[in-house]
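All ligand and atom numbering here is 1-based and tracks the order in the structure. Just so it is clear, the values below take in all heavy atoms, side chains as well, and ignore hydrogens, waters and symmetry mates.
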Amino acid sequence: MAAGRIVLGCIADDFTGATDLANNLVRAGMRVVQTIGVPAEPLQAEADAVVVALKSRTIAPGEAVAQSLAALQWLQAQGAQQIYFKYCSTFDSTPQGNIGPVTDALMQALGTGFTIATPAFPDNKRTVFKGYLFAGDVLLNESGMQNHPLTPMTDPNLVRVLQAQTKHRVGLVDHTVVAQGSDAIRARFAALQAEGVGIAIVDAVANADLVTLGAALKGMPLVTAGSGVAIGLPANFGLSADSTAASLPPAAGLQAVVSGSCSVATNGQVAEFIRSGRPALAIDPLRIASGADVQAEALAWAQDKLASGPVLVYSTAEPSAVRAIQGQLGVEEAGAMVERTIAGIARGLVQLGVRQLVVAGGETSGACVQALNIAQMRIGGQIDPGVPWCHATSDVAPEGLHITLKSGNFGTPDFFTKAFAQLKA
Ligand SMILES: Nc1ncnc2c1ncn2[C@@H]1O[C@H](COP(=O)(O)OP(=O)(O)OP(=O)(O)O)[C@@H](O)[C@H]1O
Ligand SMILES: O=C(O)[C@@H](O)C(=O)CO
């Protein structure tokens, strides 16, 4: 089948973030394909948008730039009229960034001197006010994100954080301007540009702000944002919410959860799953480092339990425990080792018959999806804001499996059981 031309091309810097963005676009009326990495072939489906999922949040900036430019080139070849660079709603990045360098490189490649940056996602309580990012009721650096294993966020001022990573001058479109509507936002963009600003942080505290902002972004070659801004873009292409966009095949098979996320919400979800009396196995990174075959042990543990309902395998730990592990193994080494092990376990679980798989954590999801050789995902119904069920084929599940990639801080405490109940409904 000859594919049509897409209108929106998206580049996401992690895999949970990619499904989060795809979810918001689908809910706002776009037909969306999510690819894992940059496809080798042209798009073989009818879609309004493609989200290319990269695992580029914590890699060296040069490599993040190279991968993002490859994604850009592919998206342009599919007809993309606007490019959306998606990062985390908590603006996660290393101090040298992927956000600044990738934005600079995309601006240059697109020949544009101006773009926006806003991680606001009010449905998940991420709001930006006067350029400061709030997570829930507190500033970013008081939200638990200051303890993130790979990207600790210690400064809530987005102008400052981004300015340290980009060649462009960073400015602010604050809430007083956003409240005046799309024309006022556009006028402020022009004024900032005239002052030499290349990237504007934009305040948004409610979905209405994002819809207003969306209209002001019509025709802007590059948008950089969390997933929230997506709710206001489909209307610019004449598309509106369509309830049929999110249907998936019926679910079958065994159920499991793997979690490598150490975020506050995931810690609560793991605790809740254990409290519910369901089988849960903790992975000890030090045993992995000592050479024990933790993957084989976990699969042997899970094998006879799977028939009775969902099992959980997790390395999720509180910040003090994570710091202790990192002190012994090194930050990157600990992260990579745990990701590899959990990804191997996820693959093994699917080989044991799991066809409904919950993965918690962005980096962890990247590793799992790659281990499962998943190339493309269909986006289904939302479980919680930012987290849809997806459907994909894998070399170990050619008939397909349901998979959801949960961002660290998303989801209600009962997410790990609620997700499966939703598939049954
Ligand atoms: N017990 C542990 N000790 C040290 N590092 C760990 C431990 N458990 C997990 N990790 C590592 O911490 C990182 C967690 O990042 P990940 O992106 O998967 O979760 P998250 O940050 O909560 O999710 P998101 O990016 O979606 O918000 C991974 O690299 C993982 O391997
Ligand atoms: O934006 C978010 O918070 C998520 O989609 C994400 O990127 C977490 O890794």
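A search for side-chain hydrogen bond (donor to acceptor under 3.5 Å, both in side chains) contacts involving Ser407 returns Thr16, not counting sequence neighbours.
Of the N or O atoms in Pro149, none lie within a sub-3.5 Å distance of an N or O in ligand 1. Considering backbone and side-chain atoms together, Asp92 places no N or O closer than 3.5 Å to any N or O of ligand 1. Taking only nitrogen or oxygen atoms, main chain and side chain alike, Glu339 reaches within less than 3.5 Å of ligand 1. Residue-to-ligand polar distances place Ser261 within reach of ligand 1: an N/O pair is separated by less than 3.5 Å. Looking at Gln326 next to ligand 1, no N or O pair under 3.5 Å apart turns up. For ligand 1, one of its N or O atoms has an N or O atom of Gly335 under 3.5 Å away. Between Gly408 and ligand 1, at least one N/O pair is under 3.5 Å apart.
In this structure, Arg275 does not pair ionically with Asp414, as no charged nitrogen and carboxylate oxygen lie closer than 4.0 Å. A salt bridge links Lys55 to Glu339: one of the charged nitrogens lies within less than 4.0 Å of a carboxylate oxygen.
Of the heavy atoms in Thr364, both backbone and side-chain atoms come closer than 4.0 Å to ligand 1. At a 4.0 Å heavy-atom cut-off, ligand 1 touches Ser315 through backbone and side chain alike. Proximity of Met337 to ligand 1, defined as any heavy-atom pair under 4.0 Å, is not found for any part of the residue.
Across Met145, Lys406, Lys55, Glu363, heavy-atom proximity to atom 15 (O) of ligand 1 is greatest for Glu363. Nearest-heavy-atom check against atom 13 (C) of ligand 1 across Thr58, Thr16, Thr151, Leu150 picks out Leu150. One option in Gly361, Ser89, Gly260 has a heavy atom closer to atom 14 (C) of ligand 1 than any other, and that option is Gly260. Evaluated by nearest non-hydrogen atom to atom 25 (O) of ligand 1, the leading choice among Glu318, Arg57, Arg323, Glu333 is Arg57.
The closest approach between any non-hydrogen atom of Asp14 and ligand 1 is below 4.0 Å.
Put simply, OG on Ser56 and CG on Asp13 are 5.0 Å apart, with the number rounded to the nearest 0.5 Å.
Note: Phe420 and Trp389 have tilted aromatic rings, judged against thresholds of 30 and 60 degrees for the angle between ring planes. In this structure, Phe129 and His175 have tilted ring planes: the angle between them lies in the 30° to 60° band.
Using modelled atom types and a 3.5 Å distance limit, the side chains of Thr316 and Asn267 yield no donor-acceptor pair. Checked by atom type, the side-chain pair Lys406/Ser259 shows no donor-acceptor distance below 3.5 Å. If you check the side chains of Glu142 and Gln146, you find no donor sitting under 3.5 Å from an acceptor.
Residues lining ligand 2 at a heavy-atom distance below 4.0 Å are given as Asp14, Thr16, Gly17, Asp20, Arg57, Lys86, Tyr87, Cys88, Ser89, Ser407, Phe410, ordered by chain and residue number.
Summary of contacts: the protein heavy atom closest to atom 7 (C) of ligand 1 is Cys262 SG, 3.7 Å.
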